[in-house]
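Note that the structure is a prediction, hence the values are computed from the model and not measured. Counting begins at 1 with the first residue of the sequence.
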Amino acid sequence: MDILMVGCGQMGGAMLNSWAGLEDMSFTIVDPAELKLPVGVWHVQSPATLGSKQFDMVIAAVKPQMMADVMPAFVPRLKPDGCLVSIAAGYSLASLEAIFPDHGIIRVMPNLPALIGRAATGLYASERANVAQRDALEILMEAIGQYVWVQSEDQLDRLTAVSGSGPGYVFQFIESFIDGARELGFSDKDARTLVVQTMLGAAEMAANTEAPISSLRESVTSKGGTTQAGLNQLRDHQALDQLMTNTTAAAYARARELR
Ligand SMILES: NC(=O)c1ccc[n+]([C@@H]2O[C@H](COP(=O)([O-])OP(=O)(O)OC[C@H]3O[C@@H](n4cnc5c(N)ncnc54)[C@H](OP(=O)(O)O)[C@@H]3O)[C@@H](O)[C@H]2O)c1
């Protein structure tokens, strides 16, 4: 399968790193920047260099505000049965269909842990996108982490507020947790080691079981013990629950404004 990626910055590059070893997939990049790319990837700085070559899939990975200027030049580069994939946040299916009216289209909302093959990604397909196109995209998405299909653009906005913006929330939580460890007298380095490894270990345990997360919490909390004392603060008046509800609601509201 011949895949063309338009724009290969932070997110395009993160995904490409996980894709480069995939069998039966060849990647071509159009990006004006000087790039350090995996072996075997063809890089051109302008679409003119592509000649008349056509691709099975074109992935739009430029900034949303550049989409309308940049993408029309790539309509002839997509085979008649090819699929347009867009990772541009907030750039609607209607806007994409205005540029690619005759092709199947899939919108993708990845997050930055794609860099280490741990992305949580949302996928939304247009009615024209067929099973073969969805299957091909699933192969790419499995290589960068886990994915879920959603049934509307509104759901994609909601997903953006959870997993798209989620790494930012987690980094903030880690920062605040490290501050707490420093207050107890640990050095910056030790506080970071203890907190990051604790987050990683707990997240890994949660990922490896189907059991309710509350049962994991209960399994490390003895009545009257230290964890209970800490949790009493964290859960006081459901403060953390309320904070997370407000956090995701604010991000969803912003995603709707940007649509
Ligand atoms: N970063 C994230 O966490 C994230 C998460 C979800 C979705 N996304 C989406 O991913 C897309 C890319 O974001 P990003 O963070 O990867 O941005 P980025 O780092 O700025 O990457 C965009 C790339 O496109 C290149 N470019 C500029 N003009 C071009 C042209 N005419 N033709 C081809 N390539 C061109 C840029 O080159 P120059 O640097 O030389 O301008 C840059 O390498 C956005 O639409 C964003 O909404 C990003």
Nearest heavy-atom pair of S187 and D190: which atoms, and what distance? OG-N, 3.0 Å
Less than 4.5 Å apart, any side-chain heavy atom of K53 and any of D2? yes
Looking at side-chain heavy atoms only, is the closest gap between I106 and W149 below 4.5 Å? yes
Kindly give the heavy-atom pair with the smallest separation between H103 and G82, and that separation in Å. CD2-O, 3.4 Å
Count the heavy atoms belonging to other residues, nucleotides or ligands that lie under 6.0 Å from CZ of R182, then report whether that count exceeds 12. yes
Does a donor on one side chain and an acceptor on the other come within less than 3.5 Å for Q45 and T49? no
More than 12 heavy atoms of other groups within 6.0 Å of E138 CD: yes
Closest heavy-atom pair, A98 versus P101, reported as atoms and distance to 0.1 Å, is O-CD, 4.2 Å
same_hphob_cluster(L140, F74) at 4.5 Å side-chain heavy-atom cutoff: no
Quick one: which of D154, T160, D157 gives a side-chain hydrogen bond (donor to acceptor under 3.5 Å, both in side chains) with Y252? D154
Do L231 and L240 share a hydrophobic cluster, counting only Ile, Leu, Val, Met, Phe, Trp and Tyr and linking them when any side-chain heavy atoms are less than 4.5 Å apart? yes
dist Y91:OH -> L96:CG (nearest 0.5 Å) comes out at 6.5 Å
CD of E257: more than 12 outside heavy atoms within 6.0 angstrom? yes
Determine yes or no for a side-chain-to-main-chain donor-acceptor pair under 3.5 angstrom, with S163 supplying the side chain and G166 the backbone. no
Backbone N/O of Q151 and side chain of Q155: donor-acceptor pair under 3.5 Å: yes
One should read off an interatomic distance between M11 CE and M109 CE, to the nearest 0.5 angstrom, of 8.5 Å
Side-chain contact test, heavy atoms from C-beta onward, threshold under 4.5 Å: evaluate it for Y169 versus L243 and give yes or no. no
Euclidean distance, L4 CG relative to L84 CG, rounded to 0.5 Å: 10.0 Å
More than 12 heavy atoms of other residues, nucleotides or ligands under 6.0 Å from CE of M199: is that the case? yes
4.5 Å side-chain heavy-atom contact, V6 and V70: yes
Same cluster for F171 and V162 if Ile/Leu/Val/Met/Phe/Trp/Tyr side chains link at under 4.5 Å? no
Does R235 CZ have over 12 foreign heavy atoms under 6.0 Å away? no
Can you tell if the side chain of L16 reaches within under 4.5 Å of the side chain of I29, non-hydrogen atoms only? yes
With side chains defined as the heavy atoms from C-beta onward, is the minimum distance between E153 and R107 less than 4.5 Å? yes
Where do I144 and W19 land on the side chain to side chain contact (heavy atoms under 4.5 Å, CB included) test, with the steps shown first? CA-CA 8 Å; I144 65 166; W19 291 342; 3.5 Å; yes
Check: A211 main-chain N/O paired with S215 side-chain donor or acceptor under 3.5 Å: no
If you look at every heavy atom in D56 and K79, which pair is closest and at what distance? OD1-NZ, 3.0 Å
Rounded distance (nearest 0.5 Å) linking atom OG of S152 with atom CG of L93: 11.0 Å
Looking at every heavy atom in both C8 and D31, which two are closest together, and how far apart are they? N-OD2, 2.7 Å
Linked, directly or transitively: L35 and I59 (ILVMFWY side chains, under 4.5 Å): yes
Are F27 and W42 an aromatic pair by the rule of ring centers under 6.0 Å? no
Should V108 and Y147 be regarded as members of a common hydrophobic cluster, given that ILVMFWY residues are connected when their side-chain heavy atoms come within less than 4.5 Å of each other, either directly or indirectly? yes
Evaluation steps, side chain to side chain contact (heavy atoms under 4.5 Å, CB included), between R128 and C83: CA-CA 9 Å; R128 271 180 186 276; C83 179; over 6 Å; no
G164 versus N111, closest heavy-atom pair with distance: O-CB, 4.1 Å
Derivation of the side chain to side chain contact (heavy atoms under 4.5 Å, CB included) call for E183 and D179: CA-CA 6 Å; E183 285 293 315; D179 284 347; 5.7 Å; no
Is there side-chain contact between Q54 and P80, with at least one heavy-atom pair below 4.5 Å? yes
Under the criterion side chain to side chain contact (heavy atoms under 4.5 Å, CB included), I'd like the reasoning laid out for I3 against M25: C-alpha separation, chi angles, the key distance, then a yes or no. CA-CA 7 Å; I3 300 173; M25 306 249 182; 3.5 Å; yes
Taking the side chain as every heavy atom from C-beta outward, state whether E97 and S126 have any atom pair closer than 4.5 Å. yes
Check whether Q133 reaches the backbone of D81 with its side chain - one donor and one acceptor, N or O, closer than 3.5 Å. yes
Would you say CZ of F186 has more than 12 non-hydrogen atoms from neighbouring residues, nucleotides or ligands within 6.0 angstrom? no
Interatomic distance, L123 atom CG to R134 atom CZ [nearest 0.5 angstrom]: 9.0 Å
Rounded distance (nearest 0.5 Å) linking atom OG1 of T121 with atom CE of M15: 8.0 Å
